[in-house]
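Written out below as structure tokens is the structure these notes cover.
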Amino acid sequence: MVIQFFDTYTRTVRPFEPLHADEVGLYTCGPTVYDYAHIGNLRTYIFEDILRRTLAYNGYKVRHVMNITDVGHLTSDADTGEDKLEVGSRRTGRTAWDIAEEYTGAFKDDLARLNIVEPTIWCKATDHIAEQIETIRAIEANGFTYATSDGIYFDTSKLPDYGYLGRLDIEGLKAGSRVDTGEKRNPTDFALWKFSPAGSKRQMEWDSPWGIGFPGWHIECSAMAAKYLGSYFDIHCGGEDHITVHHPNEIAQSQACCNTRLANFWMHGYFLQLDETKMSKSSGEFLRLQTLIDRGYDPLAYRYFCLGAVYRAKLNFNWQSFDGAVTALNRLRQTAFEWGAPGDAVDEGYRTRFLEMINSDLNMPRALALVWELVRSDLPAPVRKATLLDFDRVFGLGLTEWQPAVQSIPDAILALVEERQRARAEKRWKDADALRDQITDAGFEIEDSPQGARVRAKS
RNA sequence: GGCGACGUGGCCAAGUGGUAAGGCAAAGCUCUGCAAAAGCUUGAUCACCGGUUCGAGUCCGGUCGUCGCCUCCA
């Protein structure tokens with residue numbers, strides 16, 4: 001079946017065809033590890049995971065590369081700010097290397113808790129300094145660089161179609177620029193290599209043909225993507241914020257050194273908004289996945305929440321709608337659990353419709369609606385179960401593993417339950433209701449059924 | 001100031017020009033000693049105005065509003 005993805009480069013939905021028959025090359029921009037990820041960041045990684053799982057569901061092998069930016073990402077893209085890792089180091093009194101390691105670990109934990117499949121290859125910027133230097137040399141040899149007092153820069157005016165991905169209005173940028181461009185020749189020029197400040201030693205710095213310093217932020221992606229996937233591969237992903245700066249710069253670098261636009265498809269995840277405002281690390285509420293967990297939420301509820309919207313539109317987060325996702329996921333889990341063991345065969349009709357939906361640019365809301373239709377269908381439970389578990393290869397909600405939590409109910413509560421059962425048997429309704437109130441006040445829920453009373457801790 | 005996106009029932013959110021998916025919440029009903037849980041049922045003409053069309057949420061123009069990028073950002 002044809003897979004259609006929206007490609008930011010052409011701004012069209014177009015059929016996806018792998019460049020190589022055997023394997024799809026996928027590069028996803030990873031985190032800068034100077035702080036924890038917030039749930040807005042994680043939305044993008046969930047989108048990329050759905051993309052990867054969709055490719056796999058269609059039978060493709062995927063070679064997935066994700067970078068860890070542990071050096072070079074400045075606090076300002078004007079190339080005048082500080083390295084984020086160095087700032088974090090000063091803030092905490094620990095080394096930049098320690099900080100990078102800690103936040104890398106925290107990031108990987110978050111991915112695991114969201115059931116995000118690990119990349120085939122992780123790559124750290126600091127492990128690939130030589131490759132980055134080589135890439136810069138190639139760009140330099142082709143005449144796209146110039147030096148200033150603080151570094152080696154890419155001259156974007158040498159590329160007639162610089163910024164095409166972002167549909168940048170170069171003249172408009174010049175006119176409306178609010179940033180001092182310093183020694184840069186054009187506002188869109190960017191650093192390939194930055195010199196260590198004279199007289200001070202950075203924690204992270206390397207020798208290079210141009211002097212001691214560190215690589216610019218954009219070069220790592222071009223260099224590492226080319227190393228692991230080749231200079232032209234299938235799909236490159238990132239957040240929507242990369243459409244206008246980071247990705248055009250990656251493309252420029254690849255054009256300058258390899259004469260390719262790096263990737264056949266460019267796909268971008270859109271922001272999570274908090275009460276109609278962007279969630280950011282510098283201002284506003286900073287919700288981490290751990291924050292949700294601390295409030296008693298299952299991290300996979302956040303994954304379900306994200307599946308409720310298409311990746312290519314902003315998604316508004318508030319507690320009312322998030323609680324809705326929590327309830328929906330729990331109902332789905334409980335229902336599926338009660339279906340019992342899956343049968344051998346999935347329902348082909350549902351499977352075909354499912355495939356159509358995920359292959360239409362990852363329309364997960366539609367796919368989820370199909371799940372609820374399946375839940376209400378009159379197919380035999382084993383077929384429904386097998387079909388749902390098959391879909392979950394893409395949803396990644398862990399429905400195969402899920403089972404109701406085994407809860408230990410305190411003996412005191414069990415005694416109250418028993419007493420209530422006696423009262424009910426003797427039709428002492430007032431006593432029974434009083435006992436139920438006692439149990440409820442203690443934080444437990446009671447459900448009467450033909451098989452007897454069930455107790456569980458209130459969620 | 002420059003550029004761009006969006007505005008669908010209480011909340012979140014799909015939607016290929018042909019008479020509005022789904023989830024949550026709410027209400028009613030069934031079940032229940034009463035509840036809970038579960039099941040069933042019930043709501044929207046798509047910000048506003050004008051235009052194109054046999055027909056527009058879906059295309060064009062305008063108004064209002066919100067948001068994003070141009071500062072760090074997924």
Side-chain angles (χ1 to χ4, degrees), chain A residues 4 13 28-32 34-35 37-48 73-78 80-82 84 87 166-169 171-180 187-188 217 237-246 268-273 275-283 304-329 331-332 334-335 338 357 360 363-373 375-376 423-424 427-430 432-433 436-437 440 445-450 453-454 456:
Chain A
Q4 304 257 12
V13 176
T28 57
C29 279
T32 301
Y34 69 105
D35 201 345
H38 59 59
I39 59 174
N41 300 124
L42 295 172
R43 183 190 179 200
T44 296
Y45 299 106
I46 291 171
F47 140 63
E48 290 161 351
H73 197 160
L74 304 185
T75 54
S76 162
D77 266 353
T80 54
E82 292 184 88
K84 290 180 176 182
V87 172
R167 305 294 192 269
L168 297 186
D169 169 8
E171 291 308 312
L173 280 175
K174 281 180 186 164
S177 178
R178 302 189 306 203
V179 187
D180 178 13
T188 48
W217 172 40
C237 297
E240 61 165 312
D241 52 318
H242 289 334
I243 296 172
T244 50
V245 178
H246 183 49
H268 297 90
Y270 280 66
F271 284 151
L272 180 78
Q273 302 204 333
D275 290 331
E276 299 295 340
T277 305
K278 189 183 68 164
M279 187 177 296
S280 74
K281 291 180 183 177
S282 50
S283 65
Y304 183 96
F305 175 81
C306 289
L307 296 182
V310 293
Y311 75 89
R312 212 151 59 75
K314 67 182 175 63
L315 168 59
N316 203 35
F317 180 94
N318 62 47
W319 294 103
Q320 187 182 5
S321 61
F322 182 56
D323 283 333
V326 171
T327 304
L329 175 60
R331 284 191 183 149
L332 181 61
Q334 187 66 40
T335 301
E338 285 163 7
M357 290 161 182
S360 320
N363 195 325
M364 303 318 288
R366 272 292 180 82
L368 229 36
L370 184 68
V371 163
W372 290 105
E373 186 183 325
V375 166
R376 287 179 174 75
R424 294 185 68 222
K427 297 194 195 297
R428 288 185 282 111
W429 306 125
K430 280 213 168 122
D433 289 350
R436 181 170 59 206
D437 288 345
T440 306
E445 284 176 323
I446 193 157
E447 279 178 33
D448 293 327
S449 78
R454 277 213 313 238
R456 65 179 174 204

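- Considering only side-chain N and O atoms, A:Arg366 lies nowhere under 4.0 angstrom from the phosphate OP1 or OP2 of B:rA13.
- A salt bridge does not link A:Lys314 to A:Glu240: none of the charged nitrogens lies less than 4.0 Å from a carboxylate oxygen.
- Both A:Arg454 and A:Gly269 lie close to RNA chain B; mapped to their nearest nucleotides by heavy-atom distance, the more 5′-ward contact belongs to A:Arg454.
- Rounded to an integer number of Å, the gap from A:Glu338 CD to B:rA37 P is 14 Å.
- Rounded to a whole angstrom, the distance from the C1' atom of B:rC46 to that of B:rU19 is 13 Å.
- Under the Watson-Crick or G-U wobble criterion, with both distances below 3.5 Å, B:rA21 is left unpaired in every strand shown.
- Regarding A:Asp241, its CG atom lies at a distance of 13 Å from the P atom of B:rG68, rounded to whole Å.
- Among the protein residues, A:Gly238 comes within range of the sugar-phosphate backbone only, with heavy atoms under 4.0 Å from sugar or phosphate atoms but none that close to a base.
- Of the nucleotides present, B:rC6 is the one that pairs with B:rG65 by Watson-Crick or G-U wobble criteria, both distances under 3.5 Å.
- Nucleotides B:rC69 and B:rA47, compared at atom P, are 25 Å apart to the nearest Å.
- Position along RNA chain B of the nearest nucleotide to A:Thr44 versus A:Ala313 favours A:Ala313 as the more 5'-ward residue.
- Minimum interatomic distance between A:Ala309 and A:Leu315 (heavy atoms only, all atoms of both residues): CB-CD1, 3.7 Å.
- The residues A:Asp433 and A:Lys430 are annotated as not salt-bridged, no charged nitrogen and carboxylate oxygen being separated by less than 4.0 angstrom.
- Rounding to whole angstrom units, CG of residue A:Asp433 and C1' of B:rU32 are separated by 12 Å.
- Remark: P of B:rC12 and CG of A:Leu368 are 17 Å apart, rounded to the nearest angstrom.
- The listed nucleotides are B:rA74, B:rA13, B:rC24; the one nearest the side chain of A:Ala309 is B:rA13.
- Remark: the separation of the P atoms in B:rG22 and B:rG39 is 15 Å, to the nearest Å.
- In this model, the phosphate group of B:rA25 is approached by a side-chain N or O of A:Arg331 to a distance below 4.0 Å at OP1 or OP2.
- No engagement by A:Phe322 is indicated, since no non-hydrogen atom pair under 4.0 Å with the nucleic acid exists.
- Across the P atoms, B:rU41 and B:rA5 are found 41 Å apart, a figure rounded to whole Å.
- Rounded to an integer number of Å, the gap from CH2 of A:Trp372 to P of B:rC40 is 11 Å.
- Between A:Phe47 and A:Tyr270, the distance separating the two ring centers is not shorter than 6.0 angstrom.
- Side-chain atoms of A:Thr327 come within 3.5 Å of backbone atoms of A:Asp323 as a donor-acceptor pair (strictly under, hydrogens ignored).
- Pair assignment for B:rC46 gives none, since no Watson-Crick or G-U wobble pairing has each distance under 3.5 Å.
- Among B:rA13, B:rC69, B:rG33, the nucleotide with an atom closest to any side-chain atom of A:Pro365 is B:rA13.
- Between the side chain of A:Asp323 and the base of B:rC12, no donor-acceptor pair under 3.5 Å is found.
- If you take atom P in B:rG68 and the same atom in B:rC54, they sit 42 Å apart, rounded to whole Å.
- Shortest non-hydrogen contact noted between A:Pro31 and A:Tyr45 is N-OH, 3.3 Å.
- Heavy atoms only, all atoms of each residue included: A:Asn316 and A:Phe305 are closest at O-CZ, 3.6 Å.
- Under the Watson-Crick and G-U wobble criteria, each requiring two contacts below 3.5 Å, nucleotide B:rU52 is left unpaired.
- Across all strands shown, nothing is found opposite B:rU71 as a Watson-Crick or G-U wobble partner with both distances under 3.5 Å.
- With sequence neighbours excluded, the residues that form a side chain to side chain contact (heavy atoms under 4.5 Å, CB included) with A:Val310 are A:Ala313, A:Asn363, A:Pro365.
- B:rC60 sits 16 Å from B:rU53 when the P atoms are compared, rounded to a whole Å.
- Contact annotation: side chain of A:Arg436 to base of B:rA35, donor-acceptor pair present below 3.5 Å.
- In this structure, A:Asp448 atom CG and B:rC34 atom P are separated by 11 Å, rounded to whole Å.
- For A:Leu272, whose side chain is taken as the heavy atoms from C-beta onward, the closest listed nucleotide among B:rA37, B:rC34, B:rA74 is B:rA74.
- Ranking B:rA25, B:rC6, B:rG33 by closeness to the A:Trp429 side chain, first place goes to B:rG33.
- In terms of heavy atoms, A:Val375 sits closest to A:Leu332 at CG2-CD1, 3.9 Å.
- Atom-to-atom, CG of A:Leu315 to P of B:rG7 comes out at 14 Å; the value is rounded to the nearest Å.
- Contacts of A:Arg376 with the nucleic acid, taken as non-hydrogen atoms under 4.0 Å apart, involve only primed sugar atoms and P, OP1 or OP2.
- Residue A:Val310 is classed as a sugar-phosphate contact, given heavy-atom separations below 4.0 Å to backbone atoms only.
- Nearest approach of A:Arg366 to A:Met357, heavy atoms of both residues: O-SD, 3.5 Å.
- Judged by Watson-Crick or G-U wobble contacts below 3.5 Å, the nucleotide B:rU32 has no partner.
- What separates CD1 of A:Ile243 from C1' of B:rG68 is a distance of 11 Å, to the nearest Å.
- Within 4.0 Å of A:Asn363, counting heavy atoms only, lie sugar-phosphate atoms of the nucleic acid but no base atom.
- As rounded to the nearest Å, B:rG7 and B:rG57 have P atoms that lie 14 Å from one another.
- For the pair A:Asn41 and A:His38, the minimum side-chain heavy-atom distance is below 4.5 Å.
- For A:Arg167 against B:rC3, a side-chain-to-base donor-acceptor contact under 3.5 Å is absent.
- Comparing the same atom, P, in B:rU8 and in B:rU45 gives a spacing of 14 Å after rounding to whole Å.
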Shorter than 3.5 Å, N or O on both sides, protein versus nucleotides 9-11 of chain B: list them out with atom names.
residue : atom : partner  : partner atom : Å
B:rG10  : N2   : A:Gln320 : NE2          : 3.4
B:rC11  : O4'  : A:Gln320 : OE1          : 3.1
B:rC11  : O2'  : A:Asn318 : OD1          : 3.3
B:rC11  : O2'  : A:Asn318 : ND2          : 3.3

